[in-house]
A.B. asks: 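Mind looking over this structure? Questions follow.
Quantities reported herein were computed from a predicted structural model and do not represent experimental measurements. Any value given below was found using the heavy atoms of this structure, including those in side chains, with hydrogens, waters and symmetry copies removed.
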2 protein chains.
Amino acid sequence: MCANFRRASRALAQLYDDALRPLGIRATQFTILQVLSRAGEVSQGALGRMLSMDSTTLTRTLEIMDRHGWIAKQEGKDRRERRIRLAKAGEVQLQRGVSRWEKVQAQLRRQLGDERWDNLLKLTSEVTNVATQ
Amino acid sequence: MCANFRRASRALAQLYDDALRPLGIRATQFTILQVLSRAGEVSQGALGRMLSMDSTTLTRTLEIMDRHGWIAKQEGKDRRERRIRLAKAGEVQLQRGVSRWEKVQAQLRRQLGDERWDNLLKLTSEVTNVATQ
DNA sequence: CTAAACAAGATGCATATACATCTATCGTTT
DNA sequence: AAACGATAGATGTATATGCATCTTGTTTAG
């Protein structure tokens, strides 16, 4: 199951990365923009939990995104925390990428069919939930 | 969908990596041992296609596995090719890991239920096929 | 209130991953 | 056979990823 997921992830990532390459952003980073857009300002740890991603992995990825000016970091009330939010350039990047992102999704969805698509969205979430217990 | 798959992959990988950590091998590498065990001797490129993994990614991973003596590389009739096969130490490692690997799978399968499990195996394969067209 | 326990990230390190580019080799065409 | 285009990997570079460990704050036990 692990191998299956990783294989599919690699294959999918290439599709999405191809679509975003002209914008100079990777699928992982774009996902973070999307999450921040919905979640507003969150701590690095909270963001990690949303993505099931180690907080220390985010240290490096957010560093890159910060260099591009896509996000802003800010000290929290608890001064150990880094509060992260979308910056202007990040919103712009998000807007520019959405159509490409959705084009890939639409194509994929057409090829899989709505039923499998919906099933997959549900099942992959359930796997994540089970695996992170 | 891409984000969902990556999230699930990260979560799953940790489960499998945890189980294999005492053996000093990663899930990705263990998967390669399993594939080689079934496939026998294959070229690096063929192995990459089986895993939907870039052949140049394998250059580094196989290098690591070679250091451990788990695989053997050999020149092909076509001298551009690297023929890869399981080495003795790789078979041993595979045998030592199988029970741990299967324990994780059994636990996961129990938590998901057979129906979702089977569905997932089928659907993730189909996604890979669609995405690598 | 202080010392110990704990939590949030940063850093060092190793692996995973792919693309662009380069080299060696192969097959084909003339 | 020489030249040309195609293929298999190797290498440089950048990002993705997590663990162990360290630092810096915060919380809690006494």
A.B. asks: Can you see if the side chain of A/R26 gets near the phosphate of D/dA14 - specifically, an N or O under 4.0 Å from OP1 or OP2?
C.D. replies: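 No, A/R26 has no side-chain N/O under 4.0 Å of OP1/OP2 on D/dA14.
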A.B. asks: Distance check: side-chain N/O of A/Q29 vs OP1/OP2 of D/dA16, anything under 4.0 Å?
C.D. replies: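 For D/dA16, OP1/OP2 do have a side-chain N/O of A/Q29 under 4.0 Å.
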A.B. asks: For B/T57 and C/dA18, is the shortest distance between a side-chain N/O and OP1 or OP2 below 4.0 Å?
C.D. replies: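 Yes, within the criterion.
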A.B. asks: With no hydrogens and no angle check, do the side chains of B/R96 and B/Q93 hold a donor and an acceptor under 3.5 Å apart?
C.D. replies: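 Their side chains do contain a donor-acceptor pair, which is all the 3.5 Å distance test asks for.
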A.B. asks: How long is the line joining CG of B/D66 and C1' of D/dA10, in whole Å?
C.D. replies: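 Atom-to-atom, B/D66 to D/dA10, this comes out as 15 Å.
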A.B. asks: Taking the nucleotide of DNA chain D with the closest heavy atom to each, which residue, B/R21 or B/S55, is nearer the 5' end?
C.D. replies: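 Final value for this comparison: B/S55.
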A.B. asks: Which of these passes side-chain hydrogen bond (donor to acceptor under 3.5 Å, both in side chains) with B/Y16: B/R26, B/Q105, B/R21?
C.D. replies: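 Going through the options one by one, the only one that passes is B/Q105.
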A.B. asks: With hydrogens left out and only the distance checked, is there a donor-acceptor pair under 3.5 Å joining A/R60's side chain and the base of C/dG12?
C.D. replies: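 Indeed, a donor on one side and an acceptor on the other fall under 3.5 Å apart.
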A.B. asks: Could you check whether B/T28 and A/R6, counting side-chain N and O atoms only, form a donor-acceptor pair closer than 3.5 Å?
C.D. replies: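 Their side chains do contain a donor-acceptor pair, which is all the 3.5 Å distance test asks for.
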A.B. asks: What is the bend of the helix from C/dC1-D/dG30 to C/dT30-D/dA1 when you compare the axis at one end with the axis at the other, using five pairs each and rounding to 10°?
C.D. replies: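 Overall, the helix from C/dC1-D/dG30 to C/dT30-D/dA1 bends by 10° from one end axis to the other.
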A.B. asks: Is any side-chain N or O of B/T59 closer than 4.0 Å to OP1 or OP2 of D/dG9?
C.D. replies: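 Checking D/dG9 against B/T59, no side-chain N or O comes under 4.0 Å of OP1 or OP2.
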A.B. asks: Just how far, in rounded Å, is P of D/dT11 from CG of B/L62?
C.D. replies: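 So the two atoms are 13 Å apart, to the nearest Å.
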A.B. asks: Give the rounded distance in Å between these two atoms: CG of B/L20 and P of D/dC19.
C.D. replies: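 Taking CG of B/L20 and P of D/dC19, I get 13 Å after rounding.
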A.B. asks: Please give, in whole Å, the distance from C/dT17 P to A/R7 CZ?
C.D. replies: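 My rounded result for the distance is 13 Å.
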A.B. asks: Counting side-chain heavy atoms from C-beta on, which of C/dT25, C/dA10, D/dG9 comes nearest to B/D78?
C.D. replies: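 Among C/dT25, C/dA10, D/dG9, the one nearest the side chain of B/D78 is C/dT25.
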A.B. asks: Between the side chains of B/R109 and B/D118, is the shortest nitrogen-to-carboxylate-oxygen separation below 4.0 Å, so that they form an ion pair?
C.D. replies: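 So B/D118 pairs with B/R109 through a salt bridge.
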A.B. asks: Send over the distance from A/L58 CG to C/dA8 C1', rounded to a whole Å.
C.D. replies: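 Taking atom C1' of C/dA8 as the reference, CG of A/L58 is at 12 Å.
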A.B. asks: Does B/R67 or A/T56 map to a spot on DNA chain C nearer the 5' end, using the closest nucleotide for each?
C.D. replies: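 Checking each residue's closest nucleotide, the 5'-ward one belongs to A/T56.
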A.B. asks: Output the rounded distance in Å from CD (B/E63) to P (D/dA8).
C.D. replies: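 About 21 Å, once rounded to whole Å.
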A.B. asks: Considering only C/dA18, D/dA16, D/dA10, which nucleotide approaches the side chain of B/M53 most closely?
C.D. replies: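 Nearest to the side-chain atoms of B/M53, counting from C-beta on, is C/dA18.
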A.B. asks: So that I can tick it off, tell me whether B/R100 and B/E102 are bridged by a salt bridge, with the cut-off set at under 4.0 angstrom between side-chain N and carboxylate O.
C.D. replies: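 No, this pair does not count.
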A.B. asks: Considering only side-chain heavy atoms of A/E81, which listed nucleotide, D/dA16, D/dC19, C/dA8, is closest?
C.D. replies: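 That would be C/dA8.
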A.B. asks: Give a yes/no on whether any side-chain N or O of B/Q14 is located under 4.0 angstrom from OP1 or OP2 of D/dT17.
C.D. replies: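 Indeed not, no polar side-chain atom of B/Q14 lies that close.
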A.B. asks: Report the distance from atom CD of B/E75 to atom C1' of D/dA10, rounded to the nearest whole Å.
C.D. replies: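 Answer to the nearest Å: 14 Å.
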A.B. asks: Pairing donors with acceptors under 3.5 angstrom, does anything connect the side chains of A/N119 and A/R116?
C.D. replies: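 No, A/R116 and A/N119 have no side-chain donor paired with an acceptor closer than 3.5 Å.
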A.B. asks: Side chain of B/T28 only, heavy atoms from C-beta on: which candidate in C/dA16, D/dA20, C/dA18 is closest?
C.D. replies: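 Among C/dA16, D/dA20, C/dA18, the one nearest the side chain of B/T28 is C/dA16.
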A.B. asks: Can you find a heavy atom in the side chain of B/N4 that is under 4.5 Å from one in the side chain of A/S125?
C.D. replies: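 With C-beta onward as the side chain, the pair touches.
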A.B. asks: Are side-chain N/O atoms of B/E91 and B/Q95 paired as donor and acceptor at under 3.5 Å?
C.D. replies: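 Per modelled atom types, B/E91 and B/Q95 side chains form no pair under 3.5 Å.
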A.B. asks: For A/R10 and C/dT17, is the shortest distance between a side-chain N/O and OP1 or OP2 below 4.0 Å?
C.D. replies: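 The answer is yes; a side-chain N or O of A/R10 sits under 4.0 Å from OP1 or OP2.
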A.B. asks: Looking at D/dA16, D/dG18, C/dA8, which one has an atom nearest to any side-chain atom of A/I64?
C.D. replies: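 Among the listed nucleotides, the one closest to the side chain of A/I64 is D/dA16.
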A.B. asks: Does the D/dT7 base have a donor-acceptor partner in the side chain of B/R80 within less than 3.5 Å?
C.D. replies: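 Counting by modelled atom types and ignoring angles, a donor-acceptor contact under 3.5 Å is found here.
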A.B. asks: Using heavy-atom distances to pick each residue's nearest nucleotide on DNA chain C, tell me which of A/R49 and A/D18 is more 5'.
C.D. replies: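 Nearest-nucleotide comparison on DNA chain C picks A/R49.
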A.B. asks: Between A/T59 and A/Q44, is the side chain to side chain donor-acceptor pair (under 3.5 Å) condition met? List the steps.
C.D. replies: CA-CA 8 Å; A/T59 300; A/Q44 184 170 314; 2.9 Å; yes
A.B. asks: For A/R82 and D/dG25, give me the distance from atom CZ to atom C1', rounded to whole Å.
C.D. replies: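 After rounding, the reported distance stands at 10 Å.
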